[in-house]
Amino acid sequence: AAAKVYMPGDLQVTPNPNDGSFQILLPAGVPAEGAQAFLYDLTGRLLRQQNLRTGNERFDAVGKVPPGLYLLEVRNTMGYRIGLVKVNIQ
């Protein structure tokens with residue numbers, strides 16, 4: 001079976017913009033077990049990483065990154081990208 005390709009918008013971050021603390025909402029049917037979230041700056045440098053345990057997980061980067069635009073990538077347990085979202089931390 002071919003791997004499912006998730007469309008932009010399946011992965012959600014709320015609230016956005018935020019203060020560095022936000023919920024990651026995985027697409028329906030995506031198992032959170034073993035999934036990981038990665039926060040990158042716009043040059044692609046990895047700043048924060050967090051293991052996900054549920055499909056509605058809080059990501060906390062408050063005070064750990066300066067205000068700005070970031071990219072949040074979520075990968076499943078096999079390393080496949082589930083989604084990529086632009087995050088505005090204020």
Side-chain angles (χ1 to χ4, degrees):
K4 176 165 173 21
V5 175
Y6 296 98
M7 294 292 107
D10 284 349
L11 177 69
Q12 295 179 43
V13 165
T14 182
N16 194 13
N18 59 67
D19 63 358
S21 177
F22 50 87
Q23 296 291 128
I24 299 171
L25 306 175
L26 296 183
V30 173
E33 189 65 39
Q36 291 185 301
F38 303 90
L39 189 70
Y40 299 95
D41 66 17
L42 294 185
T43 69
R45 190 167 52 107
L46 178 62
L47 302 174
R48 309 281 307 161
Q49 178 178 341
Q50 183 171 312
N51 294 329
L52 303 182
R53 295 175 300 282
T54 69
N56 180 359
E57 187 88 13
R58 179 162 292 285
F59 193 95
D60 182 15
V62 175
K64 300 178 176 78
V65 297
L69 287 176
Y70 296 89
L71 294 174
L72 182 86
E73 179 186 43
V74 175
R75 291 181 177 265
N76 69 11
T77 185
M78 291 163 48
Y80 293 117
R81 178 185 286 176
I82 293 170
L84 185 69
V85 177
K86 195 174 285 185
V87 179
N88 185 355
I89 297 178
Q90 298 184 332

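Between L11 and L84 the shortest heavy-atom distance is CD2-N, 3.9 Å.
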Evaluate side-chain contact (heavy atoms from CB on, under 4.5 Å) for D10 paired with V30, printing each intermediate quantity in order.
-> CA-CA 10 Å; D10 284 349; V30 173; over 6 Å; no
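Under the side chain to side chain contact (heavy atoms under 4.5 Å, CB included) rule, N88 has a single partner from P17, P67, P15, which is P17.
Hydrophobic clustering keeps V13 apart from V62 (ILVMFWY residues linked when any side-chain heavy atoms are closer than 4.5 Å, directly or through intermediates).
L42 CG to L71 CG: the interatomic distance, rounded to the nearest 0.5 Å, is 5.5 Å. A distance of 10.0 Å separates CG of N51 from OG1 of T77, quoted to the nearest 0.5 Å. Within the model, atoms CG of L52 and CD1 of I82 stand 8.0 Å from one another, a figure rounded to the nearest 0.5 Å. Taken from OH in Y40 to CG in L72, the straight-line distance is 9.5 Å, to the nearest 0.5 Å. From R48, atom CZ reaches atom OH of Y70 across 11.5 Å, with rounding to the nearest 0.5 Å. Taking CD of Q90 as the start and CG of D19 as the end, the distance is 9.5 Å to the nearest 0.5 Å.
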Let me have the donor-acceptor pairs involving side chains of residues 20-28, under 3.5 Å, with sequence neighbours excluded, atom names and distances please.
residue: S21; atom: OG; partner: R58; partner atom: NH1; Å: 2.6
residue: Q23; atom: OE1; partner: R58; partner atom: NE; Å: 3.1
residue: Q23; atom: OE1; partner: R58; partner atom: NH2; Å: 3.0
residue: Q23; atom: NE2; partner: N56; partner atom: OD1; Å: 2.4

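Within the 4.5 Å cutoff, no side-chain heavy atoms of L69 are placed close to those of V87.
Residue pairs meeting the salt bridge (Lys or Arg N to Asp or Glu O under 4.0 Å) criterion with at least one member in residues 66-79, sequence neighbours excluded: E73-R75, E73-R81.
T43 meets the side-chain hydrogen bond (donor to acceptor under 3.5 Å, both in side chains) test with D41; sequence neighbours excluded.
Other residues, nucleotides and ligands place no more than 12 heavy atoms under 6.0 Å from the NZ atom of K86.
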